[in-house]
Amino acid sequence: MEKLIITLACTGNVPTKELNKTTPITPEEIVADLKECCELGVSIAHLHARDEDQQPTHSRDQYKAILDEIKNQKLNVITQLSTGARGGENTAESRGQMLDLDCEMGSLATGSSNFPTSVNANSPQLVEALVKKMYTNQIKPEIEAFDLAMISNAKRMLKKGKLKGPLHFNLVMGVPGSIEGSCRNLMFMVESLPENSTWSVCGIGPTQIPMITMGILLGGHIRTGLEDTLHYTKGVAATNKMLVERVVRLAKELGREIATPDEARKILGL
Ligand code: MG
């Protein structure tokens, strides 16, 4: 089986110091967590930027500060910038403002769904504008599929030449308001992917362990981090390091070797 690519989603849009005191917010904090987790086996950094009040922001300057700090620390990691819906104005201009920075990947939701208290709104026009800017700047999209319809739409965009294969997906399982994180649903999502795709999976909250274990067993890749779960187990606060250590242990037990960032680049065709 192919080596396992581990993505760290260390900050996300929702975690704050109040919800989990170890949440990395500033570029220095983010890169410190990242560095520690890269030593354990992380090869992709899924990055979200925050403003001085810990609020999510699409700010190009904030993203640049994180990328600069990664360079300062000489960290070899695949940088993946989030273009998610919760960092300010919901326009392609705002959400894609960081896509001319020196990064390797960008997140791209190919449809709309619900978050627990808001809409994950991604209109066809917005999705196309974001992907166009990614391709102009040689950034590979990671398609965030919160539901089956987003896979269907990616296939449609592939057929129309608006997306270029082979595609890479992250299957986002268990967001309250989107697809439930069950093993059956994950199998269905994986079986629905276009041929030759690569994929990873993340399990939100209590679905973290089963979804990650399934991802390792099925030959996919996995994402973990405080963005996906604030708790290690019920009542126990997680840290990014604890979450990555658990993935590494699971992978070892289940016989999957872990990919280095350069091996991950080859697997993903970067
Ligand atoms: Mg994200």
Side-chain angles (χ1 to χ4, degrees), residues 5-16 19-20 23-25 27 29-31 33-34 37 42-51 54-60 62-63 66-67 70 77-88 90 94-99 101 103-122 126-127 130-131 134 139-147 150 168-179 181 199-205 207-208 211-212 215 221-230 238 240 243-244:
I5 302 173
I6 304 175
T7 298
L8 179 67
C10 63
T11 303
N13 282 322
V14 175
T16 58
L19 293 172
N20 180 312
T23 308
I25 300 289
E29 289 171 348
I30 289 170
V31 179
D33 258 30
L34 200 50
C37 292
V42 164
S43 53
I44 302 180
H46 174 81
L47 299 164
H48 283 258
R50 300 296 187 89
D51 66 17
Q54 299 190 61
Q55 294 308 302
T57 172
H58 302 135
S59 162
R60 184 180 182 280
Q62 277 303 110
Y63 275 103
I66 300 170
L67 294 173
I70 289 173
V77 67
I78 297 167
T79 47
Q80 181 186 92
L81 308 187
S82 171
T83 66
R86 288 184 279 195
N90 198 19
S94 181
R95 286 177 51 179
Q97 63 184 274
M98 73 299 279
L99 292 174
L101 294 171
C103 64
E104 291 170 270
M105 301 181 82
S107 73
L108 180 79
T110 45
S112 300
S113 61
N114 279 351
F115 292 129
T117 59
S118 62
V119 182
N120 181 16
N122 305 291
L126 181 129
V127 175
L130 289 176
V131 81
M134 287 188 202
I139 294 170
K140 177 156 180 160
E142 174 178 272
I143 294 163
E144 307 297 323
F146 293 75
D147 221 323
M150 303 196 192
H168 179 65
F169 288 82
N170 182 44
L171 309 175
V172 186
M173 308 298 291
V175 170
S178 302
I179 197 166
W199 61 275
S200 74
V201 58
C202 64
I204 306 304
T207 72
Q208 168 86 184
M211 292 300 97
I212 280 175
H221 305 284
I222 73 91
R223 180 179 109 174
T224 191
L226 293 177
E227 172 166 355
D228 299 335
T229 181
L230 291 164
N240 282 309
L243 294 171
V244 173

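Just follow the structure's listing: the first ligand is 1, and inside any ligand the first atom is 1.
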Distance-only polar pair, side chains of [X] and [Y], donor-acceptor under 3.5 Å:
X: Thr224; Y: Gln208; value: yes
X: His58; Y: Ser94; value: yes
X: Ser178; Y: Asp147; value: no

Val77 versus Leu34, closest heavy-atom pair with distance: CG1-CD2, 4.4 Å

Shortest non-hydrogen contact from Ser118 toward Arg86: OG-CD, 4.2 Å

For the Mg ion (ligand 1), every protein N/O/S atom that sits closer than 2.8 Å, waters excluded: His46 NE2, His48 NE2, Glu227 OE2

Atom pair CG/CD1 of Leu171 and Ile222 - distance to nearest 0.5 Å: 12.5 Å

